[in-house]
Amino acid sequence: MPSDSCPSRHRTVRRLTRVVNVGGVGVGGNNPIRVQSMTTSDTEDVAATVAQAIRLAEAGSEIIRITAPNKAAAAALKQIRQQFRAAGFTQPLVADIHFLPSAAMEAVEHVEKIRVNPGNYADKKKFAVLEYTDAAYAEELERLHAAFTPLVLRAKELGRSLRIGTNHGSLSDRIMNRFGDSPNGMVESALEFIRIAESHGFKDMILSMKSSNPKVMVEAYRLAAARMAEQGMDYPLHLGVTEAGEGEDARIKSAIGIGSLLADGLGDTIRVSLTEDPWLEIPVCKEIVRRAEAFAALGAGSSVKLPADPADPFSFARRETELLVLATNCLAGSGEAPRVIVRSIAGLADWQAAAKEILDAHAAQREVRAEGLLVRLDDGAHAAGLRSLRKALGQAVPSIFVETSLTPADFPFDGSGSRLVVVKAFAAGDAAELKAWGEAIVKHDALLAVDLDGATLAALTKELSAIPAGRLILTSSQPQDGLHATGTYRELVRCADIAQLEAPLWIRATVANAVLIDPGFQSRLIEASILAGGLLVDGYGDFLSCETPTSSAKSLTLAYDILQGARMRQTKTEYVACPSCGRTLFDIQSTTLKIKERTGHLKSVTIAVMGCIVNGPGEMADADFGYVGGAPGKINLYVGKTPVKFNIPQEEAVERLVDLIKEKGRWVDA
């Protein structure tokens, strides 16, 4: 495996790429990160597609993609482009091609860019189990060369650009059997096409490595950047989490995948794929891009150069930590699901209000619970409130985290109920104070969460190492100078690794750790998802608190939703739903909502809702059940990747899906 996935793991340093001109819009180099979306209308309905393209342009989409599933749809692009330009819009148009080189050859005559999927462009997908000999593999590549070359040569002649758009869900049989259903296979699939294009002197290409699983997506893009660097390639990257779904869950998944890569300096254009009207994607794109710009500005004047942290960027593995006991039925550490902590808005001056706040949040959510309540105690007069709160919540909340400026001698350790975790910030010169706190928490059978950065940890290694195993938590509530918040946590882990400290890590999405906090929950959701999600996909994080929302109930659900989006903890039904396009064979938005209404209580089930078979079977790799458009008005139902029910009338298909879930023993009543 290559070693470097990005210019810096601690600051946002943009990966330098060549500039690819997409109809006058520069992508890569020093150009801004471009935002784009895709029409969902039937491409052959020229008026509807032009209307959608105009609405996308007005919303701020800098590049607009349109599906061309066949030659007739590709031919319609001529009128679409003419009418779009006549309306006064200059945004470049992109043809989305799957399966048919003939459609690509038609489309390249009319639009500024062609996206081809290397998994199915001139490739047949039979999901056959074959072993390719080297000779057979070489023959396949020769066939691919012959099929792809005409498009490359025509694009070169006309000054068009290409996107080599790999999808985790539609890798070819050849790639699957040689490299597996993996990020490695995704990257190799794209490199095959790049090598063909380069053999003709063509380099106006952009790459994408999309998956509905943010972990897979992040690993694939990192690997693509590293492999290109090894081979002297510098193509821009188009980022996206495909089939993200709708609502807050889709925004969280997209922020985790896209935002964490942009924070690492990877990515030159982005698309957020929502199962909603496409113009609703653009504000989300802009929110994510604004954060990338703020990250870059944060470290622009810094000369900080730190060694990489111990995470393998190309293969997920949880950081090994000690186990902590919060309660007999609630442990924390690498062998357990990350635990959720909620900050109390109410203070200990009114402990009853604090108790009511968290119990009301539990009642409102029903399915999820806070495993820790974070409160502030700086006044010894409120010690009685802490004692009462611990006792009152002893059965409902396993632990109470108490952020404090008090000394060990003044701190109210006495009391019973929820497990006590003292949260204390330390500076490099606080060795004596840390030693005193370490002795106090052992004496009183409590835990200590130390709030510090990597440099401080290195300075206090002796005192931290003296604290017995199972008593210590590491966290950082604000960034280290010159680093963004993600880089701060990575440096904290690196220094802990050197010091051989295996204390669990608490990710805190605080206002201080944010680069931009605007009014409105979406801004806070994106902030928390980028920080927490980026660390979770690295295998870091044993506790999580989202401390920027103004509601405890929102904070609670946001933390659990981020954990689910990062594939770290499933507490509700998981939906993989495509954003719709001109290939979609049913109304995917209304259908997805109907399926959610019927199945939303199935906490341990994953359901894929796919408009067509282009990516469906592959993106359902992680799904238990699939609902896929097979023909206009007809649905095929899947168990995993296997189709089991065919050509079901759409009006019956949701109930037939429920029947299938029952048949497989996965149904429970609401």
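Fair warning: this is a prediction, and the values are worked out from it, not measured in the lab.
Remark: L516 pairs with R290, R291, A294, E527 by the side chain to side chain contact (heavy atoms under 4.5 Å, CB included) rule, at least two apart or across chains. Every ring pair (Phe, Tyr, Trp, His ring centres under 6.0 Å) that F543 has, sequence neighbours left out, goes to F401. By the ring pair (Phe, Tyr, Trp, His ring centres under 6.0 Å) test, F316 pairs with no residue at all, sequence neighbours left out. With sequence neighbours left out, R14 forms a salt bridge (charged side-chain N to carboxylate O under 4.0 Å, His left out) with D268.
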*Do N184 and R227 pass the side chain to side chain donor-acceptor pair (under 3.5 Å) test, and can you show the C-alpha distance, the side-chain angles, and the key distance before you say yes or no?*
CA-CA 10 Å; N184 191 30; R227 284 272 168 78; 2.9 Å; yes
_Would R174 and E192 count as a salt bridge (Lys or Arg N to Asp or Glu O under 4.0 Å) here? Give the steps._
CA-CA 11 Å; R174 178 184 65 261; E192 288 181 349; 2.8 Å; yes
*asked:* Would Q589 and D277 count as a side chain to side chain donor-acceptor pair (under 3.5 Å) here? Give the steps.
replied: CA-CA 9 Å; Q589 290 187 39; D277 291 330; 3.3 Å; yes
_Worked verdict on D538 versus Y489 for side chain to side chain donor-acceptor pair (under 3.5 Å)_ = CA-CA 11 Å; D538 278 339; Y489 276 99; over 6 Å; no
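Counting only residues at least two apart or on different chains, the ring-ring contact (aromatic ring centres under 6.0 Å, His included) pairs with a member in residues 187-216 are H145-H200, F148-F193. Among residue pairs with one or both ends in residues 259-312, those qualifying as ring-ring contact (aromatic ring centres under 6.0 Å, His included) are F295-H484; sequence neighbours excluded.
Summarising the geometry, atom CD1 belonging to I33 is positioned 4.5 Å from atom CG belonging to L262; distances are rounded to the nearest 0.5 Å. Here T166 contributes atom OG1 and L207 contributes atom CG; the two are 6.5 Å apart, rounded to the nearest 0.5 Å.
Applying side-chain hydrogen bond (donor to acceptor under 3.5 Å, both in side chains) to T269 and the options H238, Q36, R163 leaves one that passes, Q36.
Using a 4.5 Å cut-off on side-chain heavy atoms (C-beta onward), N21 and S161 make no contact.
Look at R494 and E491 and you find a salt bridge, because one of the NZ, NE, NH1 or NH2 atoms lies within 4.0 Å of a carboxylate O, short of that distance.
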